[in-house]
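Notes for the one structure printed next.
Chain naming here is simple, since letters A, B, ... match the order of the sequence lines and numbering starts at 1 in each.
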Protein chains: 2
Amino acid sequence: MSTPERLIESTRELLWERGYVGTSPKAVLERSGAGQGSMYHHFKGKQDLALAAIRRTAEEMRASAEGILGGPGTPYERVEAYLRRERDVLRGCPIGRLTMDPEVIASDDLRAPVDETLDWLRERLAGIVEEGREQGEFPLSLDGEETAATIVATVQGGYVLARASGSPAAFDAAVRGLLALLRPAR
Amino acid sequence: MSTPERLIESTRELLWERGYVGTSPKAVLERSGAGQGSMYHHFKGKQDLALAAIRRTAEEMRASAEGILGGPGTPYERVEAYLRRERDVLRGCPIGRLTMDPEVIASDDLRAPVDETLDWLRERLAGIVEEGREQGEFPLSLDGEETAATIVATVQGGYVLARASGSPAAFDAAVRGLLALLRPAR
DNA sequence: GTCTATAATTTGATAGAC
DNA sequence: GTCTATCAAATTATAGAC
C-alpha cells in the first residue's frame, strides 16, 4: 500500500475507535508507520487527512447499504435484511459516531460527508417504505420519510445502548422491537 | 456555589459539549473560575471529577424522565409525552453521547452510571408497554423489553440524525415515525 | 482550602537536510 | 517524497508556599 493509502486507512481506524478529537497525528503516524514529513507532504494537516478518511468511510458505508437495500425481496424483507445484517455492534457506526464529536460538528467540511451519508440512507429507506405502502405491505397510514428516520435512528441508537451495556444484546432487542412494529399482518 | 459545586457543574457542561476525551482540566478550571490547587484538593484528578459530574447528570436525567413516565395518562400517552417532551435536540443526550467516548467505554467506573441510567430507562418503558398490552392499548404481539429498547434507541439515534443535519427536524421525524407505529387503532 | 511554580509528555505543525 | 530537528502551546498532573 502507498504511504497516503496507509495514512488514510490508519486514520479511518482511529476515527472509528476514538473520534476526531481523540485522534492525534502522532497516533496516526505510529499506526501507519509513516514519518512526520510524509504526512504533511501528502495532506495539509490533521483535518485534511481526516476529511479524506471520512469520505472514504462514507462511500463504503453507502455501497454496503445499497448492496442490501437494492437486493431482492419485498420492501419489508429488504428493511429486515438491512436491520439484521451482520455488524460489529460494539464498535458503533463509523459515520454516526462522528456526530458526537464537537470539532466535526463545528466544521461544515467535516460534517458534510456525515450528513450526506445519513441523508442518503434515509431517502433510500423512505423510497422502500413508500414502495411497501403502494404494494399494501405497509399500512397507508405510515409516512415514508418519518418511518425511514425511525429505522435509521433505531440503528444509530442501538449502537448507543449496546456500547453502554458492553453487549450487542440491546442493539438486537431494539431491532427486533422495530421489526415487530413494522411486520405486515398476515 | 461552593468550589467543588462549581467544578462539577462546569465539568457537566463540558462533558456534554465535548465528551471526556475532549475535555481538559484546564478548560474546567477556566469555566469554573477555580484554580489548579482547588481542583486537585477536592478531586483525585480528571477521572474522579468526571465521575462526580456523570453521576449527577445521570440522576437528573432519571428524575426528569420519571417525572413524565410516572405522570398521568394511558401507557401510549405517557410514551408519547416522553418522546415529545421539549429537548435541546442539537446538544444531544448528555448520557448517551458518553458511549461514543473511548475512555468512558474503557473505564468500568465511568461507564457504570451511563449503563445504569439507560438500563433503568429501558426497564421503566418496558413496564409501561406491558401495562399497555394488558389494557389492550398495545397489541399482545409486542414484547415489552424489545419495544422499550426501540423507543430508547429512536431517541438516541434521533440525536445523531439531528446533529448530522444541523437541525432538529430529523429527530422530530423519527419520533413521529415511531409514534405512528405505536399508535393504537381506533 | 487556595494559590503559584514547576514539570514531563503530547499536540499539531514547520524547517530544512537528504 | 521521506527523514529528523525543532517549536510553541496544551495536557495532566505534583510540590510547596500561604
Polar atom pairs (N or O), protein with nucleotides 6-9 of chain C, under 3.5 Å:
none

Polar-atom pairs under 3.5 Å, protein N or O versus N or O of nucleotides 16-18 of chain D: list them with distances, or write none.
none

Just the rounded figure in Å: distance from [atom2] of [N] to [atom1] of [X].
X	N	atom1	atom2	value
B/Arg18	D/dT11	CZ	P	9 Å
A/Leu49	C/dT11	CG	C1'	15 Å
A/Gln47	C/dA13	CD	C1'	14 Å
B/Leu7	C/dT2	CG	C1'	12 Å
B/Asp48	D/dA13	CG	P	10 Å
B/Leu14	D/dT12	CG	C1'	16 Å
A/Phe43	D/dT2	CZ	P	11 Å
A/Glu30	C/dG12	CD	P	13 Å

- request: Examine A/Arg87 relative to A/Tyr82 and say whether NZ or CZ is less than 6.0 Å from the centre of the six-membered ring and inside a 45° cone about the ring axis.
  value: yes

message: Whether A/Lys46 engages the ring of A/Tyr40 as a cation-pi pair (distance to the six-membered ring centre under 6.0 angstrom, angle to the ring normal within 45°) should be assessed.
response: no

statement: Tightest non-hydrogen contact, residues A/Ile8 and A/Ala52, listed as CD1-CB, 4.0 Å

statement: Heavy atoms of B/Arg6 and B/Met1 approach each other most closely as NE-O, 3.5 Å

query: Closer to the 5' end of DNA chain C via nearest nucleotide, is it A/Lys44 or A/Gly22?
result: A/Gly22

- prompt: According to a strict under-4.0 Å criterion, is A/His42 in side-chain N/O contact with OP1 or OP2 of D/dT2?
  reply: yes

message: Looking at D/dG1, I'd like to know if its phosphate oxygens (OP1 or OP2) sit under 4.0 Å from a side-chain N or O belonging to A/Thr3.
response: no

[X], nearest nucleotide to its side chain (from [options]):
X	options	value
B/Lys46	D/dA13, C/dG12, D/dT2	D/dA13
B/Tyr40	D/dC3, C/dG12, D/dT14	D/dT14
A/Ser24	C/dT11, D/dG1, C/dG1	C/dT11

task: Measure the acute angle between the ring planes of B/Tyr159 and B/Phe171, then classify it against the limits of 30° and 60° as parallel, tilted or perpendicular.
output: tilted

task: Assess whether atom CZ of B/Arg133 is packed by more than 12 heavy atoms of other residues, nucleotides or ligands within 6.0 Å.
output: yes

message: So, using side chain to side chain contact (heavy atoms under 4.5 Å, CB included) as the criterion, who are the partners of B/Pro94 when residues are at least two apart?
response: B/Trp16, B/Thr57

message: Donor-acceptor pair, distance only, cut-off 3.5 Å: does the side chain of B/Arg122 make one with the backbone of B/Ala149?
response: no

message: Check this for me: does any side-chain nitrogen of one of A/Glu131 and A/Arg78 sit under 4.0 Å from a carboxylate oxygen of the other?
response: yes

